[in-house]
Amino acid sequence: MARHSHYPVQCIQESLMKPFLTIGALALATAALQFADVRPAFAVQQASEAPAAAPRKITISKGAQKPLAELQTAVNANDVANIPAKLAAAQAAAKSADEKLLVAQLQLKASAAANDEMAEIAALNALIASGGLDQAQTPGVYVALGKLQHKNKQFTQAATSFERVLAINPGNTDALIWLAENRNSQGQVNEAVALLQRALQAKTAAGQKADEAWYKRAIALAYNANLPSSIDLSRQWVAAYPSPANWRDALRVYRKIGSPDSTGMLDALRLARATDGLEGDSDFFAYASGAETSSPGEARAVLDEAIAAKKIDPAKPMFKDVVAKLKASRVLSLSELPQLATEARGASTARLALRVGDAYYGYGDYAKAVELYRAALTKTGADANLVNLHLGMALARSGDKAGATTALKAVAGPQSELAKFWLVYLATHA
């Protein structure tokens, strides 16, 4: 891990006889924390959230002045041979909280110069034990201590340090993120995910945008543990950072963790298409196979788009047969849909209206699809949740944001999770 020259604190070397030095912001060089899957690494927020305290004057007792001055001289000169003895003498002479704090500051400077992390941990503990820290400085010191303890696999002690920060400031995102990593290292994945969610909520509550890496880390942990929360986290992620690649991954999380039926799987792939999030042979094959019977025109269109964009090779065995079959298919051809639509409107049940609506959707005629879906809602046997989902999808693709929002918010049951993804699409695309 790369180290800062002032690792792990900044601005703690001032003359002992000058006005009392505040600790200020404690900065700790942070190791890259790898995702449990193949996602890229990220570095956790480093800035202390505690405001710097105003300098205040202190009085050093006569008995402590010489030992403290000698320790300062040795530390500033990096006199490694004499620092231990000078430190012991200064610790023995320091009686007041301020004197003990000054000794601990010099102890920390010496341990940082020596690149001795265990000594840095001892020095940070001495800072806390001195009793000289202002309340505003304490969280930053505990965060720095916890980071070092975590890096050195002192997970129980690190957890205590981060929890003490949160007892003072429950919204301290630095402590939340690091405690999450610590809990994950302790095998407590559920709590780790919950802590990352708290950090995301704290940022939102403060009117700020959380780092994308926080979303990715939370999703990675939840996904690998097969937690349902990974779906909602994925939605939050694409709402904050919409991109084709993010939509692709978020919808893959939904398809894996949500375990939708074949219709739900196809509807998820339709959203991936709408967000340009289809990628790889498996996506296009799943789409074409899923739409082959219910919406062959859509299946043909998807494969044609992929072939034209050189995203798939139609000569591959997995595509060769399905492409040939779709080219030869005359089922639900565009020319026969008007007659089928008339029959669907006159039918007493919703089945044909839904099917013809899906066919029109597949051909990109969203206005006609909307008419058929609305007709389906008036008939017996309609799965209102499914029909409203498809109605919302068609309205969204047609640009009717208000109508789509109403339809999608009416979706309950198993389809509601995907409906919420479509609502995010409305907010970020339509």
Side-chain angles (χ1 to χ4, degrees), residues 197 200-201 203-205 207 209-210 215 219 228-244 246-255 257-258 260-261 263-278 287 291 294-295 298 350 353-379 382-430:
Q197 289 175 308
L200 292 168
Q201 291 164 2
K203 276 291 185 182
T204 301
K209 190 174 183 179
Y215 289 102
I219 294 165
S229 58
S230 61
I231 296 175
D232 188 53
L233 283 164
S234 294
R235 272 196 298 267
Q236 294 177 39
W237 175 36
V238 290
Y241 295 94
S243 72
N246 289 356
W247 272 104
R248 176 197 66 208
D249 289 345
L251 289 168
R252 284 178 177 175
V253 169
Y254 166 74
R255 288 159 58 193
I257 303 298
D261 60 16
T263 301
M265 190 72 73
L266 177 57
D267 289 339
L269 289 166
R270 284 167 168 155
L271 180 52
R273 183 188 183 192
T275 57
D276 197 26
L278 292 174
Y287 201 138
S294 62
S295 188
E298 182 177 8
L354 176 59
R355 189 178 185 202
V356 178
D358 287 344
Y360 272 123
Y361 181 98
Y363 282 109
D365 192 338
Y366 302 120
K368 290 278 180 42
V370 166
E371 290 179 16
L372 271 297
Y373 293 142
R374 283 177 171 156
L377 286 171
T378 67
K379 300 178 183 298
D383 180 343
N385 291 321
L386 178 60
V387 177
N388 272 314
L389 174 61
H390 285 201
L391 174 60
M393 290 161 50
L395 288 166
R397 295 306 303 274
S398 70
D400 184 350
K401 185 173 182 178
T405 300
T406 299
L408 292 168
K409 285 186 175 180
V411 178
Q415 292 89 358
S416 63
E417 293 293 344
L418 187 57
K420 293 172 187 175
F421 273 105
W422 275 95
L423 286 168
V424 173
Y425 167 80
L426 283 176
T428 57
H429 285 75

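Everything quoted here is computed from the prediction, not taken from an experiment. The figures that follow rest on heavy atoms only: side chains count, while hydrogens, waters and symmetry mates do not.
Side-chain contact between Leu408 and Leu389 is present, with at least one heavy-atom pair separated by less than 4.5 Å. Considering only heavy atoms from C-beta on, Asp267 stays 4.5 Å or farther from Pro260 through its side chain. Side-chain atoms of Tyr360 and Val370, non-hydrogen and from C-beta on, never get closer than 4.5 Å to each other. Contact annotation: the side chain of Leu354 never approaches that of Asp383 to less than 4.5 Å [non-hydrogen atoms, C-beta and beyond]. Thr204 places none of its side-chain heavy atoms less than 4.5 Å from the side chain of Gln236. Using a 4.5 Å heavy-atom threshold, the side chains of Tyr366 and Tyr361 count as touching. Asp249 has its side chain within reach of Trp237: a pair of non-hydrogen atoms, C-beta onward, lies under 4.5 Å apart.
Shown here for Asn385 and Ala412, the closest heavy-atom pair between the two residues is OD1-N, 2.8 Å. When every heavy atom of Ala369 is checked against every heavy atom of Gly357, the shortest pair comes out as CB-O, 3.4 Å. Nearest heavy-atom pair, Ala376 versus Ala350, reported as atom, atom and distance to 0.1 Å: O-CB, 3.4 Å. When all heavy atoms of Ala396 and Leu426 are compared, the pair lying nearest together is CB-CD2, 3.6 Å. In this structure, Ser229 and Gln197 approach most closely via the heavy-atom pair CB-NE2, 3.9 Å. Here the closest non-hydrogen pair linking Leu372 and Ala353 is CB-O, 3.5 Å.
Note that the CG atom of Asp358 and the OG1 atom of Thr263 stand 8.0 Å from one another [nearest 0.5 Å]. One finds the OH atom of Tyr215 at 5.0 Å from the CG atom of Leu200 (value rounded to the nearest 0.5 Å). Atoms CG and CG, from Leu251 and Leu271 in turn, are 5.0 Å apart once rounded to the nearest 0.5 Å. To the nearest 0.5 Å, atom CG of residue Leu391 and atom CG of residue Leu386 are 11.0 Å apart.
Checked by atom type, the side-chain pair Asn388/Tyr373 shows no donor-acceptor distance below 3.5 Å.
With Arg270 contributing its side chain and His390 its backbone, the two residues share no donor-acceptor pair below 3.5 Å. In terms of modelled atom types and a separation under 3.5 Å, the side chain of Thr428 and the main chain of Val424 share a donor-acceptor contact.
Classified by interplanar angle (parallel below 30°, tilted 30° to 60°, perpendicular above 60°), the ring pair Tyr425/His429 is parallel.
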### Task
Test side chain to side chain contact (heavy atoms under 4.5 Å, CB included) on Leu266 and Ser294 and set out the steps.
CA-CA 10 Å; Leu266 177 57; Ser294 62; 4.0 Å; yes
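Annotation: cation-pi geometry satisfied between Lys209 and Tyr241 (NZ/CZ under 6.0 angstrom from ring centroid, within 45° of ring axis).
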